[in-house]
Amino acid sequence: MLKLIASSRIHRLHPTVLRPAHDSASPLLRVLSSLGGLSHRNTNVGGRYFFCSDSGDGSDQVVDAGVKAAEESQSKASAIVPTYPRPEDYLTVLALPLIHRPLFPGFYMPIFVKDPKLLAALQESRERQAPYAGAFLLKDEPEADPSVVSGSDTDKNVYDLKGKDLFNRLHEVGTLAQISSIHGDQVILIGHRRLRITEMVSEDPLTVKVDHLKDKTYNKDDDIIKATSFEVISTLRDVLKTSSLWRDHVQTYTKHIGDFTYPRLADFGAAISGANKLQCQQVLEELDVYKRLKLTLELVKKEMEISKIQESIAKAIEEKISGEQRRYLLNEQLKAIKKELGLETDDKTALTGKFRERIEPKREKCPPHILQVIDEELAKLQLLEASSSEFSVTRNYLDWLTALPWGEYSDENFDVTRAQKILDEDHYGLTDVKERILEFIAVGKLRGTSQGKIICLSGPPGVGKTSIGRSIARALNRKFFRFSVGGLADVAEIKGHRRTYIGAMPGKMVQCLKNVGTANPLVLIDEIDKLGRGHAGDPASALLELLDPEQNANFLDHYLDVPIDLSKVLFVCTANVVEMIPNPLLDRMEVVAIAGYITDEKMHIARDYLEKTTREACGIKSEQVEVTDAALLSLIENYCREAGVRNLQKHIEKIYRKIALQLVRQGETIDATIRSAQSIEPLKDKVDSDELGVVTVQKENSESVEGSNTEKVGETCDEVDMVQTGLSSEQSQGLEVAKESEEDKEIEKVLVDKSNLTDFVGKPVFHADRIYDQTPIGVVMGLAWTSMGGSTLYIETTFVEEGEGKGALHLTGQLGDVMKESAQIAHTVARAILLEKEPENRFFANSKLHLHVPVGATPKDGPSAGCTMTTSLLSLAMKKPVKKDLAMTGEVTLTGKILPIGGVKEKTIAARRSEVKTIIFPSANRRDFDELAPNVKEGLDVHFVDDYMQIFNLAFGDEQSQDIKLRV
């Protein structure tokens, strides 16, 4: 929409202003005069489209410069000053390109001239009293869309057009424009009359010859023209009702022009409409007044539709805004009313009251520095605006501070007997862990209070490390909280975020205290050996403060920024591999190793815990199923050899799920049998009644019935007998079974034995670790430790080739660096022992050997296979097998000393599983073996050695060994 600039004073039109020559148009003028009078306020509309007097139709005479101009200057301050010679005398003008819209006669338009030469030429024309130029609309580029508004890049391209290129892009019909003023590169133009370009005169600046165009003659009394003009006026009136801007257009135009004619009405409507430039250009080029009015009518009709849409949008937005304002106003009034009545306080007062009420019961137990921080934050909260971001930060901070259990502790259980009972209820075995917890309770009972401790439970998966933590909490009568740090790579999870961050939260320990509501919970930190490390810091280092008994009494969380006493918290950590825990962190913990369960312990756990829990979970009664000991033993040895019992639990659940399906199917079969039996009994009754009826008829008519009838009755009786016989022979047995089933409805008991175990859990996963009943020459059984427990390990050595000086050792079996070094040491020790025992034997010097450790797909490492490798090499060199049912473990040095190893319990369990009778351990491991349970040591012949020659005598010597041994 083109904008307007009006004079500072608006005069209301008076009918006497109209000329007598235009009496035929007086209705139009009266209407527009009334239109102009709709708004009586002073209007100063700034913009880019202005109005001036017009001589485009040739009917108005141009006023000469002089006295007439002086007389007009006071009444029409904004009207243009006529010049001499007259505008129609200009046949050669400068061509000014218009980018956005054409200039209509009687309107102002500011344009920007970027060409210095053209600007200088315009300035020169104005100075020599010839201030006229031709304003022509620029054609769109061939591929451009006229409906799309051109951007600044297009404007720059237009400014670059010169000469013929610019001439070819100009529309032929334009407007003779008077140069009103020049300010910098801005030129104010006033449209006078229509022009048509005839030819180009010069290129730089572009000058063209023009013809002045006049409107075609028309009959002012023509009814069609009148009707069209009245429709334009009617439409304009409707638009004026909705748009104050259009009313300002009419006032300004009527003030400067003085009256309306049909051509001016058409130009006015097209100029102020929002039509695109091509539609406006079409109106400018039209010289037929009627056709021009029709085109203008179309444009103002479109403008009317746009005004209606605008009005509906404005109304909808206004209703929405007014509705929200009304709701807001009513809510504020409601709050004020409630506040006056004492029913409700404002948000800040309510929050402050809530926080004070929350901290009041803890005030005596709460540390003074915490109370000081809370009071300061409450005072700060009262000074902040509820809409500020600092208000929400302070509110959340106070929420956390007042929610923590300052000085609140749960009553602990110091009854050792009760604690022992609770621990035994939940877990079988785990003697070391239970003993340590009972020691903790005993110390607390003697002191009268208990301090926090940091205990680390290490062991393979599934041995009950995590579940024992919950039992310990129940035995101590403490609240339990667990969080896992496996894969944790952000220090903020432990120490919290700074309050300045958006979405900041305290660390896990502060969250723990808020959740449990006491300051002495049992906190289980799971998977502490799997801590991560990322760009956000090292969580393992952050845990040093948390798990240090000397530091956690003043643990500082980044969010709370006040010291927190964690000295009463009992920390229980779990780990699979202790070696993965950083040494500074490991140094702060008391490690309790859980080696795993032997077969006997797994049998007890399966019977007393797993089977009972699974049976209840599946909804099966104990009298409906029986799992034999042989089946459980086979399940443990052939399917679940792991050190833990998690896999055993999964297999037991699988068995009971299949049993549940089998029981349900049996029940459905019995129900179907009962239903079929109930449908048989009415049939039998019907047959009996039919037979009885036939017999009765026969008796009544025995005297009068003739032979033929007697025969028919006899046939009927025979058919009844056949039905009765068929019923009794085929269905009587099923009927009896159905009655029995209906009476007791007992489902057959399901028996799970070793023979049908594969029907429930499939084929065995594991086979015997023992490959050889009697180990051949060059093969020795060793003992290994794995994360899943212990296992037996064979060391196999074989001869490859022989040649002078070809002594070498080739290793396979995916061995680690430590194990490869052990093999080289074993090779050297074996050569030394063979040289001592058989000086003439040059086997190692001239033989290439191959040492392999099955299974090849399993990575292996560690030093404890040194003595086993040495024995395997010597067995091959001396061509002598080792003693039957013998297994050994121990690290060997170059001098033949046997060093201690780890995993004594796991290796002993593995030896028992493989039915090994004799075990060789280093002497330094005697204490570890003595601590084992009697059922683990039962039936084993264990020898403790500190030199390899003792192993040599045990493996290759007589049955009566001269070495130290222990028989259990």
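Just so it is clear, the values below take in all heavy atoms, side chains as well, and ignore hydrogens, waters and symmetry mates.
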Exercise. More than 12 non-hydrogen atoms from neighbouring residues, nucleotides or ligands closer than 6.0 Å to CD on Glu385, yes or no?
Worked result: no

Exercise. Below 4.5 Å, heavy atoms only, C-beta onward: do Ser567 and Asn552 meet side chain to side chain?
Worked result: yes

For this session: Could you check Leu513 against Phe481 for side chain to side chain contact (heavy atoms under 4.5 Å, CB included), going step by step and ending with a plain yes or no?
Result: CA-CA 9 Å; Leu513 296 179; Phe481 184 85; over 6 Å; no

For this session: With the side chain counted from C-beta on, respond yes when Lys354 and Glu357 share a heavy-atom pair under 4.5 Å apart, and no when they do not.
Result: no

Problem set entry | Gap separating the CG atom of Leu457 from the CD1 atom of Ile528, nearest 0.5 angstrom | 11.0 Å

Exercise. So do the side chains of Ile525 and Phe483 get within less than 4.5 Å of each other, counting heavy atoms only?
Worked result: yes

Exercise. Is the shortest heavy-atom distance from the side chain of Glu360 to the side chain of Arg363 under 4.5 Å?
Worked result: yes

Exercise. Going through the checks in order, is the side chain to side chain contact (heavy atoms under 4.5 Å, CB included) test met by Asp399 and Phe355?
Worked result: CA-CA 7 Å; Asp399 190 20; Phe355 292 142; 4.2 Å; yes

For this session: Determine whether Phe440 and Ile455 make a side-chain contact, defined as any pair of heavy atoms from C-beta on separated by less than 4.5 Å.
Result: no

For this session: Step through the shown structure and confirm whether more than 12 heavy atoms of other residues, nucleotides or ligands are within 6.0 Å of NZ on Lys453.
Result: no

For this session: I would like to know whether Leu351 and Leu398 meet side chain to side chain contact (heavy atoms under 4.5 Å, CB included); could you show each step before the answer?
Result: CA-CA 10 Å; Leu351 278 174; Leu398 281 169; over 6 Å; no

Exercise. Do other residues, nucleotides or ligands put more than 12 heavy atoms under 6.0 Å from Glu318 CD?
Worked result: no

Exercise. Which pairs pass side chain to side chain donor-acceptor pair (under 3.5 Å) with one or both residues in residues 518-532, sequence neighbours excluded?
Worked result: Ser410-Asn520, Thr466-Asp526, Arg482-Asp526, Asp526-Thr574, Glu527-Lys530, Lys530-Asn576

Exercise. Where do Leu293 and Val232 come nearest, in terms of heavy atoms and distance?
Worked result: O-CG2, 4.0 Å

Exercise. Does any non-hydrogen side-chain atom of Leu299 lie less than 4.5 Å from one of Leu295?
Worked result: no

For this session: Count the heavy atoms of every other residue, nucleotide or ligand shown that sit under 6.0 Å from NZ of Lys568, and state whether that count exceeds 12.
Result: yes

Problem set entry | Atom CD of Gln333: over 12 foreign heavy atoms under 6.0 Å | yes

For this session: Determine the minimum heavy-atom distance between Cys618 and Arg657, stating which atoms define it.
Result: SG-N, 4.4 Å

For this session: Please examine the side chains of Arg470 and Ser467, heavy atoms only from C-beta on, and report whether any two atoms are closer than 4.5 Å.
Result: no

Problem set entry | Heavy-atom pair with the smallest gap, counting every atom of Ala266 and Val283 | O-CG1, 4.4 Å

Exercise. Under 6.0 Å from the CG atom of Asn331, do we count more than 12 heavy atoms belonging to anything else shown?
Worked result: yes

Exercise. Between Thr296 and Thr228, is any pair of side-chain heavy atoms under 4.5 Å apart?
Worked result: no

Problem set entry | Residue pairs fulfilling side chain to side chain donor-acceptor pair (under 3.5 Å) with at least one residue in residues 494-517, sequence neighbours excluded | Lys495-Glu545

For this session: Assess whether atom CD of Glu550 is packed by more than 12 heavy atoms of other residues, nucleotides or ligands within 6.0 Å.
Result: no

For this session: Only one of Met509, Lys479, Arg478 passes side chain to side chain contact (heavy atoms under 4.5 Å, CB included) with Val523; say which it is.
Result: Met509

Seminar exercise, completed: Nearest heavy-atom approach of Ile454 to Cys573 is CG2-SG, 4.5 Å

For this session: Enter the distance from Leu378:CG to Leu383:CG here, rounded to the nearest 0.5 Å.
Result: 11.5 Å

Problem set entry | Derivation and outcome, side chain to side chain contact (heavy atoms under 4.5 Å, CB included), residues Leu381 and Phe391 | CA-CA 6 Å; Leu381 188 70; Phe391 181 85; 3.4 Å; yes

Exercise. Counting heavy atoms not belonging to Ile502, are there more than 12 under 6.0 Å from its CD1?
Worked result: no

